[in-house]
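The structure appears below as structure tokens.
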Amino acid sequence: MMERVLDSIKGKAEQAEIFEVSTQIAPVYFEANRLKQIQSKESTSVALRIFKDSKVGFAFGSGVDDVETLIAMAVETAPFGPSANFEFPSSSDYPDVAVFDSEIPVITMEQMVELGSQLIARVTEHTPELLCDVEVIKGVSSVHLVNSQGGEARWDRSLFSINLEGVLTRGTDMLFVGDSDSSCRFFTDIDILASRIITQLELAKSKAAISTKQLPIIFTPRGVAGVLLAPLMLAFSGKAVLEGTSWLKDKLGERVFDSKLTIWDDATLPYRPGSCPCDGEGTPSQRIPLVAKGEVANFLYDLQTAALAGKKSTGSGRRSGGRPPAPNLSTVVIEEGKDRFEAMVKDMKEGLIVEQLMGAEQGNLLNGDFSGNVLLGYEVTNGSIVGRVKDTMVSGNVYQVLKEIIGVGNKARWVDGIFLVPHLYCPLLSVVTRT
Amino acid sequence: MREQFTDILSKCSADYVEIRFEQNQTTQINYRGGKLEEVGRAYSSGGNIRALVKGGWGFVCFNSVDKLDDYVELAVKQAKLACGEGFTLTSKEPVVDIVEVPVKDNAADTPLVKKKQLFDEYNDIMLTSPQIQDSRIGYRDVNRKVIFANSEGSYIEQDKPDLTLRVTAIARGNGEIQQAGLSLGSVGDFSVIENLHDEVKEVARRAAALLHAPQVKGGEYTVILDPILAGVFAHEAFGHLSEADFVYQNEPLRQVMVLGKRFGGKHLNIVDDATIPGLRGSYRYDDEGMPATKTYLIHEGILVGRLHSRETAARMGEKPTGNARAINYLFPPIVRMTNTFIESGSTSFEEMLGEIKDGVYVRDWYGGTTSLEMFTFSAGEAYMIRNGKLAELLRPVVLTGNVFVTLSNIDAIGNDLGMNQGGGCGKGGQSPLPVSNGSPHIRIHHCVIGGR
């Protein structure tokens, strides 16, 4: 199809780029501890970007083979599009980034059902009343990028993931636990996943009462990913910096964060779901330091934003939802520190451990503000975890919270397959509870 | 296509099979960084087959109908592997219907040049306002045509046009960034988003004003919610809990959600109604081919109903309500809301306000979510209330509560019902689904607000 599009567009546009993906996904779903549904999804999509009269036109087609309509749509949008201020890259030489496991296409439905059943059995052995929704997913996709400047990239990727969400209901009291693992490689070891969930159930067994005040907080790796990274990562988009809507816009090279904090974006890590040899417009993947010992080190750029900002693309042009590429993350890594989680807890006289904060992403993220209800969190008194906290709201600002942190955990773990983060022990945040 | 579908469905070896096939055309326009950043057109076509065997479902989706026989075979095989404890779908007369939705000023037929001109005007208004650093406009219209056929003999074609607009002004000053926004939507009618110049100007003014607004002190407050935010509250705090798929297999929750139980005062009525013409959550048939209904969830403070798919209705022994919806062919239908609202009461806004010594007035939505028991939702705009009068503007706030407590803490319901058509709902990875929410002003006691 790609050759046909490139041929047909000759004479209608100055430059053209085609990005084609075909995907096969097979999820297996368990609902309330029972196998419920098995799915198989095939889809193909093609995105066409053209330069016509020095303007960018864009069209996206899914499940259709009609080249003429696709071209006509791109041509129709071009007069209204942004200026074509860059060139499509002519390279075809990319780093070798392993993102395909040939075992994944041959995994059977029965194997996936078996893994899901085992996980549920392990967790419900600990808490029989727990109702688990589990999804086991395997997926394979082929990506092919070609442009009129001679650039070409092609790669296959695979994905395997297991996700468990459990609810324990007693009267009107509901406890939500859960975790997930994902990788480009097939895995059958569910012990770590099961033990994480069992730990959550153990810690939440008794209820603790907390009062409204300023308290120190340990964010678990899931807490860090869910609460702190969303506002923080928005600010590293070169686009937000260019527009002036990034809180970090004038702060390149400045020490904005605690010097214990080092963060990078890395699309070259083998077998991570966020990795790839090049981004969605053919710029090679690389490891990009974002925060180096507390200093703002880099922002993320795609081709168009880089051209406007007088920078080079960092290979961060990501595509999603049938839209043109925009600067975005691949895999975020926060460097491990020196502090053991147990030592952090021991250090706390009174405080909270936050695993999940519901609604945290609904605040004014551009300003770094977050505020959410503790969906899963525990109270610490005199160095010991005493139980689960409920009906409690935690609020803060990510730039204030990370300016001076007390400790960085010495064990980072993968969250949602794309964040490798340790525990972060943060000073006083506002905690409000129902009286 | 009808013959091909009917032919395949007639020879399936499963308890139930359905085919959904759709064609979508989308136009997307985005402004960022002071200018039009992206115009895109998209089209897609594809479908799926869902098969049921003894309570287990198989689901296969595809782009081309060439190998339909193979897909059906795979879906039935999957369903057989997933089968277990069965249930019997309530028998249903087959429906054959073709539904066209008349649109007054169809966005799909509106030329790009006209759309761009309107958004250029809105964008200029924001960018020329004091202290505005950036503006964002996100516009999307979709023309969706869905064909549905099932093994019971139903065959339905439906148009599902939809349109959304989100306008955001971003102000910057004193090392702070603040934003204010406006969300609108319609059933594909472009005229709904025209002539909003005054509203857009107000959005920019509000974003700048927030730079100087204080942050509320966190704590428990008596709050008044405007119709937009109260609609989000109805959706998040109670609507999701009324979705039977959250309840039907959770025995303790079933005990809590027993029909006939009191949840609020006599003045409280909450409804989900897919039959109101012209609202984004409305339709004639859901994605299982069931006719749309109006369902009272709470009537005079008492739980009287919930939202069902055919499966949850069968498993709970209740009447189907036609609430199974899917955002597109890549997903199976699941239990969803449509147009959810609190019915009007009799208190005026001034009366509500007059009785509050120290409280917060919250307006407009920013987001909302629920864990069923707990909900949070964030207001785009907030003011202190002191001695019965609106006082200073506050930074946007996030409110939270426990649904089982909060509904009975509603002590006043206004007489000014308004429906909001902006936004969409997310559940089970399916987002955004067109819905609308509404309410009159409501007053709630002991609402927790996060803050400094």
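Below, chains carry the letters A, B, ... as their sequence lines are ordered, and counting in each starts from 1.
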Most heavy-atom pairs under 4.5 angstrom with chain B, which of [options]?
options                      : value
A:F60, A:F30, A:F58          : A:F60
A:M393, A:M358, A:K41        : A:M358
A:V113, A:V56, A:L35, A:T392 : A:L35
A:T433, A:N373, A:L375       : A:N373
A:G368, A:G322, A:P324       : A:P324

Given the options [options], which has more heavy-atom pairs under 4.5 Å with chain A than any of the others?
options                       : result
B:Q133, B:E220, B:R172, B:R50 : B:R172
B:L372, B:I449, B:N402, B:N30 : B:N30
B:A171, B:G219, B:G56         : B:G219
B:Y71, B:Y43, B:Y248, B:Y329  : B:Y43
B:A75, B:G451, B:S371         : B:S371
B:G368, B:A79, B:C447         : B:G368

Structural part of [X] lying under 4.5 Å from a heavy atom of chain A:
X      : result
B:R136 : side chain
B:V405 : side chain
B:L253 : both
B:T370 : backbone
B:L112 : both
B:E311 : side chain
B:E85  : side chain
B:L52  : neither
B:T369 : both
B:V60  : both
B:E176 : both

(message) Other residues, nucleotides and ligands only: do more than 12 of their heavy atoms fall within 6.0 Å of CD on A:E165?
(response) no

(message) With a 6.0 Å cut-off (strictly less than), is the heavy-atom count around NZ of B:K217, excluding the residue itself, greater than 12?
(response) no

(message) Walk me through whether A:L242 and A:Y301 qualify under side-chain contact (heavy atoms from CB on, under 4.5 Å).
(response) CA-CA 10 Å; A:L242 184 69; A:Y301 290 98; 5.8 Å; no

(request) Check the pair A:R434, B:H446 against side-chain contact (heavy atoms from CB on, under 4.5 Å), reporting the backbone distance first and the verdict last. (result) CA-CA 8 Å; A:R434 192 159 57 108; B:H446 304 296; 5.9 Å; no

Within the distance-only criterion (no hydrogens, no angle test), does the side chain of [X] pair as donor or acceptor with the backbone N or O of [Y] below 3.5 angstrom?
X      : Y      : answer
A:T212 : A:V432 : no
A:N367 : A:D369 : no
B:N63  : A:T44  : yes
A:Q362 : B:Y366 : no

(request) Flag the pair A:D173 and A:R388 as a salt bridge only when some basic side-chain nitrogen lies within less than 4.0 angstrom of an acidic carboxylate oxygen. (result) yes

(request) Could you tell me whether B:E38 and B:R32 make a salt bridge, using a distance below 4.0 angstrom between a side-chain N and a carboxylate O? (result) no

(request) Ignoring hydrogens and angles, state whether a donor on the side chain of A:N364 or B:Q179 is under 3.5 Å from an acceptor on the partner side chain. (result) yes

(message) Between A:S395 and A:S371, do the side chains contain a donor N or O and an acceptor N or O under 3.5 Å apart?
(response) yes

Heavy-atom proximity to chain B below 4.5 Å, by part of [X]:
X      : result
A:E76  : both
A:L70  : both
A:L365 : backbone
A:F80  : both
A:E135 : neither

(message) Tell me whether the rings of A:Y399 and A:W247 are parallel (<30°), tilted (30 to 60°) or perpendicular (>60°).
(response) parallel

(message) Parallel, tilted or perpendicular, judged at 30° and 60°: which one describes the rings of B:Y139 and B:F119?
(response) tilted

(message) Suppose we screen for side chain to side chain contact (heavy atoms under 4.5 Å, CB included). Which residues come up paired with B:D364, at least two apart in sequence or across chains?
(response) B:R206, B:I228

